[in-house]
Amino acid sequence: SNRMFARRLARVVASLSPDAVFVRHLKIAVLLRERFPALPMLYEAHEVFADTAAPAKRARVAALEACALEAATRVVANSDATAARLRERYAPARPMEVVRNGVERPARMPDKDWAQAAQRIVYAGTLFPWKGAADLVEAAGTLPGCTVTLAGGEAGEIEALRARMNASGAKVVFTGRIAPLAVRTLLDASCIAVLPNRAEADSAFTSPIKLFEYMAAGCAVVAADLPAVREILGERDAAWFAPGDAAALAQAIRGLVDDPVRARRLGEQLYARSAAHTWQARGERLAGLLRGIAG
C-alpha cells in the first residue's frame with residue numbers, strides 16, 4: 001500500500017542520511033518534505049500533471065503539484081514548455097532549470113544505404129493515440145513503393161492500426177514491442193525516422209527520448225511542428241509537417257525519399273547535434289545541481 005511504501009521509504013532515507021535527494025514523484029516529494037523538512041531536494045518535472053490528469057482529478061493533482069514545487073529546494077523541468085507552464089500555473093519561488101532527456105550516442109555515425117531511403121522509413125515508440133502513429137499509417141497509404149516500419153506497441157493497438165492500412169500504399173511492417181538493442185539496430189539501418197506527435201497535452205510537455213535516439217542514429221527526421229520539438233530542432237534540421245495532418249506528413253516523407261542527398265545531409269547534421277544531448281551530459285548537469293543544493 002502507499003502508506004507501507006511511505007514508511008519504508010522514510011526508514012531508508014533516515015538510515016542513509018543523504019546530503020540531498022532527487023525526486024520525480026509528486027507524492028514522494030511531499031512525503032519527504034513532511035518527514036525531513038531540512039533535507040535539500042531537487043524535484044524534476046516531466047510534465048504538468050494538473051494539465052494532463054483526468055478532469056475529475058485535476059484539482060486534487062494541482063494541489064499536490066503545488067505542494068511538491070513548494071517542497072523542493074530547486075526545480076528541474078524536462079523542457080522549456082514544461083518550465084513555462086509550471087511558472088504560469090504556480091509561480092514557484094524556487095529557481096527552475098531545464099535539463100532535457102538524452103541518449104547513448106555511438107562514437108561514429110552508423111553507415112546507411114541512402115539510395116534505399118524509401119525502404120528504410122521508421123517509427124519507434126509506443127502507439128498511444130497522442131503519439132500520432134495512426135497519422136503515419138494513414139500517410140503510408142499514399143506512399144506506394146515505400147516501406148514503413150513501426151517498432152513498438154501492443155497486439156490490440158497494432159490490429160487497430162492494421163485496419164486503417166491502404167493496400168495500394170506503402171508496405172507497413174509492425175514489429176511489436178522489441179528489445180532496446182533491437183530498436184537501436186533498426187534505427188542504425190534506417191534512413192528516415194518519423195516523429196508524428198499530435199498537438200495534445202502530453203505532446204506539449206514532452207522531451208522526446210525517441211527524437212534523441214533518431215538523432216544519434218544519424219536518421220533524417222520528419223517531425224510534427226510542435227513547440228516542444230522546436231526547442232530541440234531548428235527550421236533546417238528536419239522535414240516539418242503540421243501535427244495531425246496525414247497528407248502533410250506523407251508529403252514531408254516523400255520530399256526526403258525523392259531527395260536522398262538532402263536526407264543524408266539532415267542525418268549527418270542531426271548526428272552531430274546529438275553530442276549535446278547525451279545521458280552523460282545530462283547526468284553531469286543534475287549532479288552539479290545536487291552538489292549545489294547539498295552545499
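Being a predicted model, the structure only gives us computed values, none of them experimental. The figures here come from the full heavy-atom set of this structure, side chains too, leaving out hydrogens, waters and symmetry mates.
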>> Counting neighbours of CZ on R162 that are heavy atoms of other residues, nucleotides or ligands and sit closer than 6.0 Å, is the number greater than 12?
In response: yes
> Side chain of R94, backbone of A72: donor and acceptor closer than 3.5 Å?
Replying inline: yes
> Are side-chain heavy atoms of D80 and R100 found at a separation under 4.5 Å?
Replying inline: yes
>> I want to check something: taking the side chain as every heavy atom from C-beta on, are F241 and V222 in contact at a cut-off of under 4.5 Å?
In response: yes
> Any sub-3.5 Å donor-acceptor pair from Y214's side-chain atoms to V194's backbone N or O?
Replying inline: yes
>> If only side-chain N and O atoms count, and only distance matters, is there a donor-acceptor pair under 3.5 Å linking Q269 with D237?
In response: yes
> Any link between F22 and M96 through a network of hydrophobic side chains (Ile, Leu, Val, Met, Phe, Trp, Tyr) touching at under 4.5 Å?
Replying inline: no
> For D19, does the CG atom have more than 12 heavy-atom neighbours from other residues, nucleotides or ligands under 6.0 Å away?
Replying inline: no
>> So I232 and L211, do their side chains get closer than 4.5 Å, heavy atoms only?
In response: yes
>> Walk me through whether N78 and V99 qualify under side-chain contact (heavy atoms from CB on, under 4.5 Å).
In response: CA-CA 5 Å; N78 69 326; V99 182; over 6 Å; no
> With a 4.5 Å limit on heavy-atom distance, are the side chains of L270 and L233 in contact?
Replying inline: yes
> Heavy atoms, side chains only, cut-off 4.5 Å: are N197 and W130 in contact?
Replying inline: yes
>> Atom CZ of residue position F36 - does it have more than 12 heavy atoms of other residues, nucleotides or ligands inside 6.0 Å?
In response: yes
> Is there a side-chain contact between R184 and E104, using heavy atoms and a 4.5 Å cut-off?
Replying inline: yes
> Can you tell me if N101 uses its side chain to pair, donor with acceptor, with the backbone of P208 under 3.5 Å?
Replying inline: no
> Do the charged groups of E213 and K210 touch, with an N to O distance under 4.0 Å?
Replying inline: yes
> Going by atom types only, do R105 and S274 share a side-chain donor-acceptor pair under 3.5 Å?
Replying inline: yes
> Should V148 and V173 count as side-chain neighbours, where that means a heavy-atom distance under 4.5 Å?
Replying inline: no
>> Taking D259 first and then R264, would you say they form a salt bridge - that is, a charged N and a carboxylate O separated by under 4.0 Å?
In response: no
> Is the shortest side-chain N to carboxylate O distance from R33 to E70 below 4.0 Å?
Replying inline: no
>> Regarding R89 and E65, does a basic nitrogen lie under 4.0 Å from an acidic carboxylate oxygen?
In response: no
> What do the steps show when you test L32 against V21 for side-chain contact (heavy atoms from CB on, under 4.5 Å), and what is the final call?
Replying inline: CA-CA 9 Å; L32 291 176; V21 291; 4.1 Å; yes
> Can you list the residues that meet the side chain to side chain contact (heavy atoms under 4.5 Å, CB included) rule with L31, with sequence neighbours excluded?
Replying inline: A6, L9, R35
> Between R282 and E44, is the closest basic N to carboxylate O distance under 4.0 Å?
Replying inline: yes
>> Treating R254 as the side-chain partner and V257 as the backbone partner, does any N or O pair qualify as donor plus acceptor under 3.5 Å?
In response: no
>> Do the side chains of D188 and K112 get close enough for a salt bridge, i.e. N-O under 4.0 angstrom?
In response: no
>> Using modelled atom types and a 3.5 Å cut-off, is there a donor and acceptor pairing between side-chain atoms of Y90 and backbone atoms of A93?
In response: no
> Which pair of heavy atoms, one from V61 and one from A50, lies closest together, and at what distance?
Replying inline: CG1-N, 3.7 Å
> Shared ILVMFWY cluster between L42 and W279, side chains joined below 4.5 angstrom?
Replying inline: no
>> Contact between W240 and E235 at the side-chain level, heavy atoms closer than 4.5 Å - yes or no?
In response: yes
> Can you tell me if T73 uses its side chain to pair, donor with acceptor, with the backbone of I293 under 3.5 Å?
Replying inline: no
> Would you find a donor on one side and an acceptor on the other, under 3.5 Å apart, between the side chain of E157 and the backbone of E154?
Replying inline: yes
> side-chain contact (heavy atoms from CB on, under 4.5 Å) between R74 and L289: does it pass, once the steps are laid out?
Replying inline: CA-CA 8 Å; R74 192 142 192 174; L289 291 169; 4.0 Å; yes
>> Consider side-chain contact (heavy atoms from CB on, under 4.5 Å). Of E200, R58, E47, which one does T52 pass it with?
In response: E47
>> If you apply the rule side-chain contact (heavy atoms from CB on, under 4.5 Å), what do you find for Y43 with V76, and how did you get there?
In response: CA-CA 6 Å; Y43 171 72; V76 166; over 6 Å; no
> What residues, two or more places apart in sequence or in another chain, satisfy ring-ring contact (aromatic ring centres under 6.0 Å, His included) together with F212?
Replying inline: H277
